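Structure first, commentary second.
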Amino acid sequence: MAGARRALALAALVFLGVCPFVLARYQLSILTELMIFGLLALSLDLIMGYTGMVSFGHAAYFGLGAYGSALILIHFELPVPVALLTGALLAGAVALPIGYLSTRATGIYFAMLTLAFAQLLYTIAYKWRDLTGGSDGIAGVPKTSLWWGGPSLASPAAYFYLVGASLVLSLLVCRGLVRSPFGRALQAIRENERKFATLGQDPRRFKLTVFVISAVFAGLAGALFAPFRGFASPEVMFWVLSGQALMMVIIGGIGTLIGPVLGAMVFMLIQEVLSSYTEQWMLFTGAIFVLMVIFLPGGLVGAVRGWLETSASPAGSTARLWSFRRKAERG
């Protein structure tokens, strides 16, 4: 099982490495966007899958990251990594007071608070025209260099590698985080917060910390999005994107890290393909997602894990053998 995971990870890295050489410009652009939204879904999975906190306002931090990156690149023309760091830190800084207030509540009350704060931030971005451009947003965000005097990131291939490296590093950091004692504490809170509190620990401290960390990764995704698209607008902070991020996590597999990344890619690809064939693509998209939730309750990763475990077990092999015999007798 572990060997298979390593082989898949290596194959994914090789695939990312050769993509700019085998894909057309449009296909490379789509894959870059898929990875950016995969990072957004990954950030949400930290609080949703490992801590049990459902946020309806996660897009706010994506938007803050986009605005932070856009403003730095337009007004100061600094290297893109500086803009990425600025966007991520801005999202984390704003998430700190919001998380402090929101984590005082649990369940649906926490979800509603995150939605309320997100809509407040959306309204501020929409009304603060001098800074954010209002409904028009900020256009003309450039892709500058990798460092001062370094190579330009203006080419699709260069920016693709930057986004891919950001996603891979984020996955590794989040993987280390959830496997650390801190991550174990988060999972204990998810399973039984009251029992965790009886051990003499304050669950709010852990929940606030992971809330801010999650916002930082969402801000990083938004900071990557602004120069990629060349603009930042209040629409990337709207509650609709938060709902889409929730769906990405559910489709891929809650509490799996890699699952939400795959879920985001599947989600965006389904929309991209169907919208090119029919104007009623939203109807078909909704039907597909309903079927996936019904028949794949553990998400894509959960389904694959179940299949691998069944295939590896002696009972699963015996069942397949008897099934093959029955088919042969009928034939």
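Residues: numbered from 1 along the sequence shown. Small disclaimer: the values here were computed from a predicted structure and weren't measured.
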[X], [atom1] atom: more than 12 neighbouring heavy atoms under 6.0 Å:
| X | atom1 | answer |
| --- | --- | --- |
| Phe289 | CZ | yes |
| Met282 | CE | no |
| Trp239 | CH2 | no |

With rounding to the nearest 0.5 Å, note down the distance linking [atom1] in [X] to [atom2] in [Y].
| X | Y | atom1 | atom2 | value |
| --- | --- | --- | --- | --- |
| Thr103 | Leu208 | OG1 | CG | 5.0 Å |
| Met35 | Leu162 | CE | CG | 9.5 Å |
| Lys127 | Tyr122 | NZ | OH | 9.5 Å |
| Leu89 | Leu64 | CG | CG | 12.0 Å |

Please report whether the ring centroid of Tyr61 lies less than 6.0 Å from that of Phe217.
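No, they do not, as the ring centres are separated by 6.0 Å or more.
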Flag the pair Phe196 / Phe206 as yes when their ring centroid distance falls below 6.0 Å, and as no otherwise.
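Judged by ring-centre distance (under 6.0 Å), Phe196 and Phe206 do meet the cut-off.
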Name every donor-acceptor pair, under 3.5 Å, that has one atom in a side chain of residues 49-56 and the other anywhere in the protein, sequence neighbours excluded.
{"unit_1": "Tyr50", "atom_1": "OH", "unit_2": "Gly255", "atom_2": "O", "d": "3.0"}
{"unit_1": "Thr51", "atom_1": "OG1", "unit_2": "Leu46", "atom_2": "O", "d": "3.2"}
{"unit_1": "Ser55", "atom_1": "OG", "unit_2": "Gly57", "atom_2": "N", "d": "3.3"}

Mutual orientation of the aromatic rings belonging to Phe225 and Phe231 [parallel < 30°, tilted 30-60°, perpendicular > 60°]:
perpendicular
Beyond-backbone contact of Leu78 with Thr144, side-chain heavy atoms, under 4.5 angstrom
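Counting from C-beta outward, Leu78 and Thr144 never come under 4.5 Å.
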Axial cation check for Tyr100 ring with Arg204, 6.0 Å and 45° limits
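Yes, a cation-pi geometry.
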Check step by step if side chain to side chain contact (heavy atoms under 4.5 Å, CB included) holds for Ser214 and His58.
CA-CA 9 Å; Ser214 175; His58 210 61; 2.9 Å; yes
